[in-house]
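Data first, discussion second: the structure below is written as structure tokens.
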Number of protein chains: 2
Amino acid sequence: MNKKIKLTPPAQKSKAGKLRIAEVPRTLRELALERLRAAIVEFHFKPGQRLIERDLCEQLGVSRSVVREVIRHLETEGLVHTIPHQGPSVAKLDAETATQIYELRALLESAAAQAAAAVANANDLAKMSNALDLIADAYARKDFHTVLGATNGFYEAMFMCAHKSVAWDMVQRLNGRISWLRSLTVSSVDRGSTGPMQMQKILGAIKIGDGPAAAAACRDHLATAGEIAKRLIAAEEDA
Amino acid sequence: MNKKIKLTPPAQKSKAGKLRIAEVPRTLRELALERLRAAIVEFHFKPGQRLIERDLCEQLGVSRSVVREVIRHLETEGLVHTIPHQGPSVAKLDAETATQIYELRALLESAAAQAAAAVANANDLAKMSNALDLIADAYARKDFHTVLGATNGFYEAMFMCAHKSVAWDMVQRLNGRISWLRSLTVSSVDRGSTGPMQMQKILGAIKIGDGPAAAAACRDHLATAGEIAKRLIAAEEDA
DNA sequence: GATTGTAATATGGTATACAATCTAAGTCAA
DNA sequence: TTGACTTAGATTGTATACCATATTACAATC
């Protein structure tokens, strides 16, 4: 009965570089933030579920101050919704908002793809290609968690080589809000074939420097993802 | 010890009667947030300036907890930058980021304008038209603060009628980060004529339902604004 | 069974304490 | 003067206790 939700993901080793002097001091708050965010996007808390401060204190092993600050952060990110005197809860996603988010991703990602097609070098292309390999591999193993991670890797490489870090931040934040849709989408039937295929098409267009084609491929990719999501959310709201 | 996960998640049965007290209780935190944000975007704190918690407590008349939570919020919004154990300061804007922000605004606003052209009704058009009148009037009085506010009003009406509230949130957040550039831009010479003229062009295209023209006008508008901003930021970094 | 009163709970907010860390001023040596 | 070292004060990070108020759960009542 004691739902001691494991807010303790695998302790990650800091990949301390060689001769790294400026080791940025990590505060407890940052750790708590990451864990709570991970717990939400990985669906350990369901949308609409109340987040009770004192329980979170216990589960995270930190004080109320820290929990409150972390909640303020996640609230601003759109992952948590707070009603005054009622407290925070995991943000719910309505169909309208989800649609807008998929539209925005299409807009942002296609623009990034177009720009990437104009400037990508061999190194950038290799990164994206590797990510695609990883995705195919993970799909074969039905390791959907890795699929999502590698997909992020693919797009991050694309946005970074297009020098669009601000846009990438926005996409990441949007992705957080639709994390449960993404999870369900990647694990839906036949997504293992169409998804990578469409991303391959994006990469192919970038490789030959065909910006418009890359943008179109992005829009295609997002359109199908958005379609699946729309069905999922309709099924959800039906229940 | 206490794991009562009841708390009625799906309560909230809003049987809104006419006697409904619609006024959501405002927390002290929200007030403090608005004031501090206003102080930053209105340039009462300069970029790079340290924000010392205890000073803010005094100035706002609230406790440290509230100030810290507010700072966490503004940090997530990108208006404040915090270095661990060194504290928060007003975020600085580099040329690269500013460029990206103007690009993003062009992308988002042109998409919204295109969508608006397809769906705007008389009421929407009236709102935008009124905003334009307000802008012209304020320019005549050199009341640049009102110019910015009315410009926001114009775009808000446009995004809302296009059903793009999420995109509008993003634009608003981006605008916060370039607030000082916007202030300087609107008050720069001859902006009082070109600015309203370009926006009039956007509205005109929306009015006749010409989506592509509306999008193009938006891009024009942002391009000139971005140009001015680029010069301003170059001058700034020179100093 | 619906309404109402009451107790338990959770939040919003304040104040305080204290260790870790940063900053700045001062000191001393070359 | 410059540079390195020291130290005192300022500031942040975190924890905790406390209170008032709003909300929720629950029992008593009609």
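The sequence lines fix the lettering, A, B, ..., with proteins before strands; numbering per chain opens at 1. Side chains included, hydrogens not; waters and symmetry mates left out as well; all remaining heavy atoms used.
- Distances shorter than 4.0 Å separate none of the side-chain N or O atoms of Ser63(A) from OP1 or OP2 on dT14(D).
- Between the C1' atom of dT14(D) and the CZ atom of Arg26(A) lies a distance of 17 Å, rounded to the nearest Å.
- Salt bridge Arg173(A)/Asp169(A): absent, no basic N to carboxylate O contact under 4.0 Å.
- Summarising the geometry, the separation between CG on Asp55(A) and P on dT9(C) is reported as 12 Å, rounded to the nearest angstrom.
- Using Watson-Crick or G-U wobble geometry with both donor-acceptor distances under 3.5 Å, dC30(D) finds its partner in dG1(C).
- Side-chain atoms of Lys164(B) and Trp168(B), non-hydrogen and from C-beta on, never get closer than 4.5 Å to each other.
- When the P atom of dA15(D) is taken as reference, atom CG of Leu56(A) falls 14 Å away, rounded to whole Å.
- The nucleotide whose nearest atom lies closest to any side-chain atom of Arg54(B) is, among dG13(D), dA22(D), dT12(D), dT12(D).
- Between Arg29(B) and dG13(C) there is a side-chain N or O to OP1 or OP2 distance below 4.0 Å.
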request  = Begin from the C-alpha positions of Glu77(A) and Arg37(A) and carry the test salt bridge (charged side-chain N to carboxylate O under 4.0 Å, His left out) through to its verdict.
outcome  = CA-CA 10 Å; Glu77(A) 272 187 19; Arg37(A) 176 164 43 210; 2.3 Å; yes
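- Residue Cys57(B) comes nearest to Ser63(B) through the heavy atom pair SG-C, 3.8 Å, listed as atom of the first residue, atom of the second, then distance.
- When each of Gly61(A) and Arg64(A) is assigned the nucleotide of DNA chain D bearing its nearest heavy atom, the one mapping closer to the 5' terminus is Gly61(A).
- In this structure, His85(A) places its NE2 atom 11 Å from P of dT11(C), rounding to the nearest Å.
- Checked against dT14(D), dT12(D), dT14(C), the side chain of Pro88(B) finds its nearest nucleotide in dT12(D).
- Separating the CD1 atom of Ile52(A) from the P atom of dA8(C) is a distance of 18 Å, rounded to the nearest angstrom.
- Summarising the geometry, the separation between CD on Gln49(B) and P on dT11(D) is reported as 13 Å, rounded to the nearest angstrom.
- In this structure, Glu58(A) atom CD and dT16(D) atom C1' are separated by 15 Å, rounded to whole Å.
- Within a 6.0 Å sphere centred on CZ of Arg35(B), heavy atoms belonging to other residues, nucleotides or ligands number 12 at most.
- Residue Leu28(B) places its side chain closer to dG13(C) than to any other of dA15(D), dT23(D), dG13(C).
- Ile71(B) comes within 4.0 angstrom of no nucleic acid atom, judged by non-hydrogen atoms across all strands.
- Contact annotation: Gln86(A) side-chain N/O to dT11(C) OP1/OP2 distance is not under 4.0 Å.
- Spacing between atom CZ of Arg50(A) and atom P of dT9(C) amounts to 14 Å, rounded to whole angstrom units.
- Here Arg68(B) lies in heavy-atom contact (under 4.0 Å) with a base.
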